[in-house]
Protein chains: 2
Amino acid sequence: MTTRTEESRSTGTRSAATRERILATAEALILQRGFTATSIDDILEQAAITKGGFFYHFNGKKELARALVERYLEQDNRIFTALFQQADALSEDPLHQLLIFLKLFADMMADMAVTHPGCLVASFTYESQQLDDEVRALIRQGILVWRKLISLRLEKILVKYPPRQPADVPTLADMFTSTVEGGILLSRIYNSNQPLVNQILQYRMHLRLVFGDL
Amino acid sequence: MTTRTEESRSTGTRSAATRERILATAEALILQRGFTATSIDDILEQAAITKGGFFYHFNGKKELARALVERYLEQDNRIFTALFQQADALSEDPLHQLLIFLKLFADMMADMAVTHPGCLVASFTYESQQLDDEVRALIRQGILVWRKLISLRLEKILVKYPPRQPADVPTLADMFTSTVEGGILLSRIYNSNQPLVNQILQYRMHLRLVFGDL
DNA sequence: CTGATTACTGTACCGCTGGTACGGTTTGCC
DNA sequence: GGCAAACCGTACCAGCGGTACAGTAATCAG
């Protein structure tokens with residue numbers, strides 16, 4: 001009955017696979033419905049696991065939330081790192097590297113089959129009261145990582161390209177996060193990835209204008 | 001016991017006052033905790049009303065949501081209209097009018113005593129599964145109004161100011177919404193209004209750069 | 001092959017709360 | 001003083017998060 005998808009043969013990875021199945025299912029459901037609106041029973045049903053099994057892996061819903069945020073930030077980090085590596089391989093110039101990264105990112109969003117499911121960080125931020133301080137700290141940490149990622153590149157760019165207007169690096173870096181989160185919201189409302197893609201490209205144009213590349 | 005705050009004497013405005021009290025309380029709570037996580041009982045307690053009284057005014061939680069969105073969009077509209085009127089009084093030039101509007105808006109956000117409570121539109125978008133199609137339509141409608149408001153002004157600007165780069169009006173208009181929503185999210189996470197203000201001003205700078213005002 | 005450990009299943013249960021319903025009571029108004 | 005509108009009080013129930021635990025299947029060490 002429990003249609004196991006037969007991943008992870010051999011070693012003791014069975015546990016990890018189940019855990020991952022729970023996390024993936026929970027993330028999808030929470031992005032659709034929100035954290036509070038997603039019951040544990042909902043997750044159990046879709047993940048084809050029993051309550052006992054669930055509580056074997058997680059002590060409760062809050063610990064699930066914690067694990068979800070950690071997983072999400074790690075995933076996100078992997079994606080960004082990969083895209084930056086690609087971009088860095090295509091140019092030596094710090095400005096062009098960042099511009100290429102943004103183009104690659106926009107392309108990736110455009111190529112998504114379905115509408116962007118949303119960002120767990122945003123979803124949790126709007127229900128932060130239901131989560132522990134620890135989870136909130138994790139989220140803030142994640143945002144700061146994104147800020148740092150872009151900031152480092154902006155600093156390098158500043159050295160080479162005098163900005164057309166005085167540029168505040170943290171604000172310009174935060175603008176990336178702001179653009180993505182705002183774009184995702186628009187995409188959810190318009191039910192299409194296009195707005196998200198457009199906003200990312202607009203942010204890209206902003207950087208080009210600020211650093212006199214146009 | 002029921003500490004009525006003794007507003008609205010005389011005429012049959014008692015009902016409207018109660019209704020408004022419920023709505024205001026509900027909005028504050030929902031922005032803090034999220035829609036699903038806000039129980040009717042929570043609202044009853046803070047609004048000093050009983051369950052019976054509540055259901056006299058609203059058929060249920062979903063209808064409350066509907067009323068909240070309507071109220072929110074109306075409020076929002078009033079604020080934007082007022083700021084635009086102020087801006088239009090200060091300049092004849094379409095570009096400068098929009099720039100002044102953005103400055104006024106940024107100032108308003110900066111002057112808020114507490115951290116921006118969040119946007120109901122965003123909050124509901126992330127829990128849209130719990131709402132009727134009607135509410136979702138309302139939200140989309142609201143977003144489209146904002147787009148239109150800015151688009152009309154951008155069109156006028158385009159006539160006078162040739163853009164430095166080909167400008168897509170809807171995308172540039174959506175960028176306002178995206179900036180505000182993204183900024184609000186940042187402000188919630190950083191627990192300060194500054195990021196929101198900074199993002200609005202950065203959007204303002206983007207427009208200045210695009211339309212060659214710098 | 002065996003036995004121990006891990007990784008679950010299945011079931012039964014509990015306290016609590018969110019949402020609904022509705023009969024009764026107060027208040028305002030002609 | 002009578003009639004609506006506005007509001008109170010209470011009762012009800014499904015469903016939630018969480019617990020407990022006995023039984024069973026998979027995995028691995030020796």
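Every chain is numbered from 1, with letters handed out A, B, ... down the list of sequences. These numbers come from a predicted model, not from an experiment.
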Is the phosphate of [N] approached by [X] (side-chain N or O, under 4.0 Å from OP1 or OP2)?
X	N	value
A/T18	C/dC8	yes
B/Y56	D/dC7	no
B/H57	D/dC7	yes
A/S39	D/dC16	yes

By nearest atom, which of the nucleotides C/dA7, C/dA21, D/dC8 is closest to the B/I49 side chain?
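Nearest nucleotide to the side chain: D/dC8.
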Return the value, rounded to whole Å, for the distance between atom [atom1] of [X] and atom [atom2] of [N].
X	N	atom1	atom2	answer
B/L64	C/dT20	CG	P	11 Å
A/F55	C/dG10	CZ	P	17 Å
A/D41	D/dG18	CG	P	11 Å
B/K61	C/dA21	NZ	P	16 Å
B/F54	C/dT20	CZ	C1'	11 Å
B/F58	C/dG19	CZ	P	14 Å
B/I40	C/dT17	CD1	C1'	11 Å
A/Q130	D/dC16	CD	P	16 Å

Using only heavy-atom distances, decide whether a donor-acceptor pair under 3.5 angstrom links the side-chain of B/K51 to the base of C/dG19.
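It does, because a donor-acceptor pair links the side chain of B/K51 to the base of C/dG19 below 3.5 Å.
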Does A/T36 reach a base, just sugar-phosphate, or nothing at all? Heavy atoms under 4.0 Å.
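Answer is nothing: A/T36 stays at 4.0 Å or more from every strand.
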Between B/R19 and B/F58, is there a side-chain heavy-atom distance shorter than 4.5 Å?
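Counting from C-beta outward, B/F58 and B/R19 do come under 4.5 Å.
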Taking the side chain as every heavy atom from C-beta outward, state whether B/D88 and B/Q85 have any atom pair closer than 4.5 Å.
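B/D88 does not reach B/Q85 side chain to side chain.
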Could you tell me whether B/D107 and B/K103 make a salt bridge, using a distance below 4.0 angstrom between a side-chain N and a carboxylate O?
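Yes.
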In this structure, are over 12 heavy atoms from other groups packed under 6.0 Å from B/E63 atom CD?
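Above 12, so yes.
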Within 45° cone and under 6.0 Å: B/R188 NZ/CZ vs A/Y126 ring
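Yes, a cation-pi geometry.
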